[in-house]
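Just so it is clear: chains get the letters A, B, ... in the order the sequence lines come, proteins before strands, and each one is counted from 1. Since the structure is predicted, the reported quantities are computational estimates derived from the model, not experimental observations. Atom set for the values below is all heavy atoms of this structure, side chains included, hydrogens, waters and symmetry mates excluded.
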There are 2 protein chains.
Amino acid sequence: MKSDRSKPTISQVAAAAGVNRSSVSRAFSRPEMLNPETVERILAAAAEIGYVPNHVARALSTGKHGNIALIVPDVANPFFPPLIRAAQAQAETGDLCVFLGSSDEQARQEDKLLARFSSQVEGVILVSSRLSADRITEFAARIPLVLINREVPGIARVLIDSGSGVADAVDHLAGLGHRRIAYVSGPGSSWSNRQRLNAVRRTAKRTGAGMAMISAKKPTFEAGREATAAVLASGATAAICFDDLMAQGLMAGVAEAGRRVPDDLSVVGCDDVLGAATYPALTTVSSRTVEAGRTAAWLLMDMMQSNSIQDARHLLETSLVVRNSTAPPPRA
Amino acid sequence: MKSDRSKPTISQVAAAAGVNRSSVSRAFSRPEMLNPETVERILAAAAEIGYVPNHVARALSTGKHGNIALIVPDVANPFFPPLIRAAQAQAETGDLCVFLGSSDEQARQEDKLLARFSSQVEGVILVSSRLSADRITEFAARIPLVLINREVPGIARVLIDSGSGVADAVDHLAGLGHRRIAYVSGPGSSWSNRQRLNAVRRTAKRTGAGMAMISAKKPTFEAGREATAAVLASGATAAICFDDLMAQGLMAGVAEAGRRVPDDLSVVGCDDVLGAATYPALTTVSSRTVEAGRTAAWLLMDMMQSNSIQDARHLLETSLVVRNSTAPPPRA
DNA sequence: ACTTGACTTGCAACCGGTTGCATGAATAGT
DNA sequence: ACTATTCATGCAACCGGTTGCAAGTCAAGT
């Protein structure tokens, strides 16, 4: 079944309304320039034949298409969706559309997406970019660009500082009376992991609490579950996990072992990607991804308006969200 | 700090290479038409001044911009990311870019996005659309359109038949000895919800089990948790939830109420988006979202090529994944 | 040497709008 | 009545490519 997809153009409307194409254009973009009656007549004619202005053509002559690109390493990672949503909502306020790209954690794919998008958008947000600093600088010279969780000098960036929140977590646990805290580590190569581990180490030392380090290779539910025995054997009464997924795994492992969270073991996660969707609701370090997305979009819009490069550096402090997975240690 | 954002155009390359603009155009789009030496010279000149073809301008004259839109109710819902990723990967094979939109489960927002996208894309995939059948038909007449999990006669659609899996779930529960099963409903307007509800109803009747229907507005963890009291009061010994998130909420609610899953209440989810990441691991109906995304993109690409409307209807069967949240009912 | 056909490249119109400037009409000022 | 303004609209160039057609070149065919 074939269908007729011929879209009505501005010329057809002009002919129907008996005016010049430019008047039709103005009827839509700057109606105050025209006689109200004429506007009405044009709009009526347009409605009659079902005319809808062509965004692409408009973009070609104005140079503004009202689109921005957002590239993340992996849409399926729960860390990103809230960020995406926030950026989208913020963009909406400026009447901008967001084109989303997922790079599968590969620099090559990211580069390709960027090349493809760059002629269709007026600005770009790169989240946890895997590209080289040089390449990023290169792109930033062509098009307004904001980074999230990636630092390249001279490029506008929004950084989430998880160290502060992790330190809060240790303080919180120490305040509850815990004297020995386990850190269930994520990927050793990860910058975030080092940042978090250091924060635990430093703060534990300051509060005089002891610390146990449990290594896990991958930041997954399963890895968290497998770490359970080691955590319970470490003598720690509280555990801080590299991320929420591992914390969730640990909680499942503890339950399987017939122990209870938080009565027997307090558990703290990181990133707050699960919301309160665990039982008991997980105490975690909020990553403020929503603010990151919103701030980045806001920053980008600002850069687009002023057509300038801003060497902005927004640091988002994180904080502890206390829910129900932490409590005073069991009385020995 | 101001920056120079003047993009090199085809004319500049032409001047630099000493050829006509049309030759530059051909060097990029149909190099076999040109003398290889000329192509090389042009490409060199282009690289020299950093020329990148302008997709928008090309789209204007060819009518093909190589973009498709994918609109989902909520990016942050874990059901969608795998689907998005699959669609994106499939689109990539046809050198298409995907523009993602999130409608916040609102028809108005969806309509707005669609209007905005429709002039910049050559095709649209609508996932779990909240729009009226009329509106969908209207859009489909303008632009190739494929639906996922929404049925409108005459429009190409990919349907995940959760009915089959849900029926399996009811059989599974009945087999364990449950005589009264609750269905915790999702959005009333949703096609999937009606499908699941009907499957529960039919299968319960066939197995002679009683059924209780609990209504919730949104498919969220919180909604599931709030439904707990109603479920427990309904006299049901097992509950099938509209989706995994609600099931997770229900499990949390049950635990809060001091009861246990599956000892006091068996819980079944739908969609299998959480993997085994709950405790107890959730028995759920697996949804083949990856296939749905891939198939929809494939179908759309086919429609775009043939410029035809296809009244295709792909049905994807689902199946039950039994984990640990279901067990025989407590002995009364 | 002359025609023919293949191969390269240039010319110019076109895609669907936008916009600076000019024109003409209506209104106001004196 | 006559010029100065303002207002509404048309004209035509332009945004950055694409593409059908024509023109020119060159080598093979006879």
Strictly under 6.0 Å, is that where the ring centroids of B:Phe117 and B:Phe139 end up? no

Partner of B:Val124 by side-chain contact (heavy atoms from CB on, under 4.5 Å), out of B:Leu300, B:Ile143, B:Ile136, B:Leu70: B:Ile143

Selection from C:dG17, C:dC15, D:dG17 that lies nearest to any side-chain heavy atom of A:Asn54: C:dG17

State whether the number of non-hydrogen atoms from other residues, nucleotides or ligands found under 6.0 Å of A:Glu105 atom CD is greater than 12. yes

Ignoring hydrogens and geometry beyond distance, is a side-chain donor-acceptor pair present between A:Asn67 and A:Glu122 at under 3.5 Å? no

Quick one about A:Arg157 and A:His314 (side-chain donor to acceptor, distance below 3.5 Å, no hydrogens or angles considered), yes or no? no

Would you mind classifying the nucleic acid contact of A:Thr38 as base, sugar-phosphate or nothing, using non-hydrogen atoms under 4.0 angstrom? sugar-phosphate

Residues B:Asn20 and B:Ser22: side-chain donor-acceptor under 3.5 angstrom: yes

When B:Leu34 and A:Ile10 are each assigned the nearest nucleotide of DNA chain C, the 5'-most assignment goes to B:Leu34

Without hydrogens or angle criteria, can the side chains of B:Ser102 and A:Gln88 be said to hold a donor-acceptor pair below 3.5 Å? no

Would you check if there is a donor-acceptor pair between the side chains of A:Gln109 and B:Glu92 at a distance under 3.5 Å? yes

Base of C:dC11, side chain of B:Ser22 - is there a donor-acceptor contact under 3.5 Å? yes

Check: B:Ser128 main-chain N/O paired with B:Arg130 side-chain donor or acceptor under 3.5 Å: yes

Atom pairs under 3.5 Å: protein N/O with N/O of nucleotides 21-26 of chain C:
none

Can you tell me if B:Thr295 uses its side chain to pair, donor with acceptor, with the backbone of B:Ala292 under 3.5 Å? no

Scan residues 14-21 of chain A against DNA chain C and write down, sorted by residue number, each residue with any heavy atom closer than 4.0 Å; if none is found, say none. A:Arg21

Between A:Arg30 and C:dT18, is there a side-chain N or O to OP1/OP2 distance below 4.0 Å? no

Quick check: any donor-acceptor pair below 3.5 Å linking the side-chain of A:Thr62 to the base of D:dC15? no

For B:Ser25 and D:dT19, is the shortest distance between a side-chain N/O and OP1 or OP2 below 4.0 Å? no

Nucleotide nearest B:Pro36 when distance is taken to its side chain, options C:dG16, D:dT18, C:dT8: C:dT8

Given axes from five pairs at either end, by how many degrees does the helix from C:dA1-D:dT30 to C:dT30-D:dA1 bend, rounded to 10°? 50°

Against the side chain of A:Arg58, the closest entry in D:dC15, C:dT18, D:dG17 is C:dT18

Salt bridge check, B:Arg135 against B:Glu138: does any charged N sit closer than 4.0 Å to a carboxylate O? yes

